[in-house]
Amino acid sequence: MPPRARITTPLAALVMVLGLAASAPAPDSPAPASAVTVAAPTPSVARPIPRETFTLSGSMGPSVRRVVRLQTYQGGAWKMTQKQTVAPSGDYAFTVTQDSSVRTRWRVLAYGIKREGRGWKERVTAPRTLFGQQQAVTTSVARSVRAGSAVRITLFAAPVRPGRMLTLQRDSGKGWTKVADLTTDATGHATYVFRTRAVAKTRFRTIARAHRGAPAFAGPSAAVYAIGSRPVGVMAWRGDSLNYPENTLDAFRSAVRQRADFIEMDFQPTADGEWVLLHDGDFRRTTDVETRFPERRTASPRAFTLAEVQSLDAGSWMGPQFRGVRVPTIEETFDAIEAAERLEGHRVRLVVELKGESATEMRALYRKVVSLRPGWVSRTHHRDKAIFMSFEASHFDFPGVERTGMEKVAVKDEPDPADAYGRGFAQVHLHTRLLDAALVDRYRRQGAEVGTWPAVGTASVLRAAVAGVDYVTTDDIAGAQRALLH
């Protein structure tokens with residue numbers, strides 16, 4: 001071979017190699033425009049849980065045995081994560097995980113090849129975007145049942161994984177213990193029937209067991225209160241104060257309409273000896289006194305005449321629809337309640353509370369009630385229609401109180417042991433922060449009925465019922481009645 005030919009041949013070979021290398025696509029490059037697009041890979045789950053193992057499967061179409069590459073889109077480019085050799089059918093299946101709950105884009109790529117004198121074009125799937133989903137587990141149970149009855153508990157784990165193992169646990173005050181292991185159905189649910197025994201609160205929670213790499217996950221607890229067979233009465237706190245301005249005629253009418261057992265109401269005297277409804281020591285919170293009488297804005301009703309009190313707007317503070325509502329008198333209150341009782345066919349009892357300053361005022365209030373409705377207070381038996389309450393036990397120490405026959409209601413809102421009441425009270429009302437079964441039992445053994453306030457919200461109402469009270473004082477009459485299984 002001539003020298004020139006020997007030089008030319010290696011150069012040609014080098015050019016050929018470089019040319020072939022330049023024509024081979026980079027592993028992470030976009031598919032060329034000439035590539036054949038096939039269907040996107042199909043995931044075995046719609047919303048992957050972070051760290052859960054799942055599959056992406058599909059077909060690149062018939063060809064020969066060839067290598068296919070699984071890619072994810074990262075940082076503006078497709079990056080290979082796995083590869084495998086597929087049969088001539090072109091079917092593939094990759095086992096993958098998605099580490100976060102954000103979206104991830106997947107595709108499968110097969111480079112064009114020539115083999116045995118035939119060629120197959122490059123093929124690439126359409127992208128598949130998957131959004132991950134954090135785990136969520138819930139436990140659903142009735143809020144209240146009668147002690148001794150069965151309660152159905154529904155467990156749910158999301159995202160739905162049929163056949164996933166769930167553990168139901170309970171806590172009756174001594175820590176969490178296992179109740180049962182259950183398996184989810186096709187909708188992600190499982191159910192269990194639990195029979196309550198004693199009057200008590202029991203919490204339940206669900207733990208979703210580790211599943212295909214996804215970690216175990218505990219959901220929030222849900223409580224069921226098993227309450228006794230003895231009825232718990234509902235006292236309307238200043239009337240239906242959830243839906244109407246407190247201590248007003250519409251609030252009292254609504255309480256009768258909702259069939260409350262008691263209505264609690266607050267009385268104070270005016271400068272000219274009349275009795276009006278007001279809870280606070282002054283009118284600022286519930287009226288427009290700061291506009292009408294700014295110089296007396298912090299004064300009690302004792303500094304106002306009845307005419308001045310009834311010039312105040314006692315409704316707008318709660319909403320414009322109540323503009324013009326007035327502070328009622330004791331006469332108007334009793335008349336409105338009696339009229340509502342006749343209309344609704346329901347009788348309520350009244351807790352007449354003195355927001356007062358002395359035993360002299362308590363005696364005056366008692367005499368006013370008896371003068372207006374002599375039959376509401378009896379000297380010979382209990383369970384009067386009107387009973388009398390005060391935060392100060394000394395307000396009942398007026399001359400001749402023992403001959404009145406008035407049923408007295410004591411209030412305990414401090415934990416001080418000295419603030420304890422002996423016999424002689426028809427009811428003792430305990431603040432919810434002091435409520436416990438032992439204290440309730442103590443006063444019940446002294447012959448008193450026991451109430452609690454403020455029982456705001458279903459959980460507060462049911463805690464009181466489990467503690468053994470006779471009455472709950474609440475702003476939500478209907479809600480309390482539902483919780484107490486009325």
Side-chain angles (χ1 to χ4, degrees), residues 25-32 35-112 120-138 155-166 182-190 206-219:
D28 302 325
S29 65
V36 176
T37 301
V38 297
T42 300
S44 60
V45 296
R47 299 290 297 271
I49 302 169
R51 296 163 54 187
E52 176 187 23
T53 299
F54 63 100
T55 61
L56 288 169
S57 60
S59 177
M60 303 303 289
S63 61
V64 293
R65 287 178 60 86
R66 64 196 298 189
V67 174
V68 297
R69 292 163 173 80
L70 178 68
Q71 298 178 319
T72 60
Y73 195 73
Q74 307 170 32
W78 288 99
K79 307 290 185 181
M80 186 182 75
T81 62
Q82 296 183 43
K83 63 181 179 179
Q84 63 181 232
T85 301
V86 299
S89 65
D91 295 342
Y92 62 85
F94 290 96
T95 300
V96 298
T97 60
Q98 194 160 301
D99 292 334
S100 71
S101 59
V102 299
R103 73 174 188 172
T104 301
R105 298 180 68 197
W106 304 87
R107 78 174 187 182
V108 180
L109 174 67
Y111 293 134
W120 287 268
K121 287 186 176 181
E122 182 168 302
R123 295 180 180 179
V124 62
T125 68
R128 172 71 67 185
T129 300
L130 293 180
F131 292 86
Q133 182 173 340
Q134 295 292 345
Q135 299 189 77
V137 181
T138 60
L155 298 67
F156 175 69
V160 173
R161 298 293 183 266
R164 186 170 187 179
M165 292 295 297
L166 306 179
L182 305 165
T183 304
T184 60
D185 62 15
T187 67
H189 292 85
T206 300
I207 297 177
R209 304 274 284 277
H211 179 77
R212 296 180 180 173
F217 186 83

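Since this is a predicted model, take the numbers as computed values, not measurements. Below, each value reflects all heavy atoms present in this structure, side chains not excepted, and no hydrogens, waters or symmetry copies.
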Within-4.5 Å side-chain heavy-atom neighbours: Ser59 and Asp91: yes
Phe54 vs Val96, side chain to side chain contact (heavy atoms under 4.5 Å, CB included): CA-CA, chis, key distance, verdict: CA-CA 6 Å; Phe54 63 100; Val96 298; 3.4 Å; yes
From CD (Glu122) to CE (Met60), nearest 0.5 Å: 8.5 Å
Under 3.5 Å donor-acceptor, Thr206 side chain and Val137 backbone: no
Backbone of Phe131 reached by a side-chain donor or acceptor of Arg47 within 3.5 Å: yes
Shortest non-hydrogen contact from Ala93 toward Gln84: O-NE2, 3.0 Å
Of Trp106, Tyr73, Trp78, the residue whose pairing with Pro127 passes side-chain contact (heavy atoms from CB on, under 4.5 Å): Trp78
Separation between OH of Tyr111 and CZ of Arg69, rounded to the nearest 0.5 Å: 5.0 Å
Side chains of residues 39-46: which donor-acceptor pairs under 3.5 Å do they make with residues two or more places apart or in other chains?
unit_1: Ser44; atom_1: OG; unit_2: Thr55; atom_2: N; d: 3.0
unit_1: Ser44; atom_1: OG; unit_2: Thr55; atom_2: OG1; d: 3.4

Inter-residue atom distance Thr125.OG1 - Gln71.CD, 0.5 Å rounding: 8.5 Å
Closest contact, heavy atoms only, Ala126 versus Thr37: N-CG2, 4.0 Å
Heavy-atom neighbours of Arg212 CZ exceed 12 at 6.0 Å: no
Side-chain heavy atoms of Gln98 within contact of Pro50, under 4.5 Å: no
Met80 side, atom CE; Leu70 side, atom CG - distance, nearest 0.5 Å: 9.5 Å
Contact check, side chains of Arg123 and Arg66, non-hydrogen atoms, under 4.5 Å: yes
Shortest non-hydrogen contact between Gln133 and Ala158, atoms and distance: NE2-CB, 4.1 Å
OG1-CG distance between Thr81 and Leu56, expressed to the nearest 0.5 angstrom: 9.0 Å
Thr184 vs Leu166, side chain to side chain contact (heavy atoms under 4.5 Å, CB included): CA-CA, chis, key distance, verdict: CA-CA 7 Å; Thr184 60; Leu166 306 179; 3.4 Å; yes
Taking every non-hydrogen atom, the tightest pair across Thr187 and His189: OG1-ND1, 2.8 Å
Gln135 to Ala214 - nearest heavy-atom pair and separation: NE2-CB, 4.4 Å
From Phe156 atom CZ to Asp185 atom CG, the distance as rounded to the nearest 0.5 Å: 9.5 Å
Under 3.5 Å: donor-acceptor pair, side chain of Arg164, backbone of Arg209: yes
Side-chain (Arg128) to main-chain (Arg107) donor-acceptor, under 3.5 angstrom: no
Minimum heavy-atom distance between Ala190 and Thr183, given as atom pair plus value: CB-O, 3.7 Å
With Arg105, the side-chain contact (heavy atoms from CB on, under 4.5 Å) member among Leu130, Thr72, Thr129: Thr129
Within 6.0 angstrom of Arg161 CZ, more than 12 heavy atoms from elsewhere: yes
Under 3.5 Å: donor-acceptor pair, side chain of Gln82, backbone of Val68: no
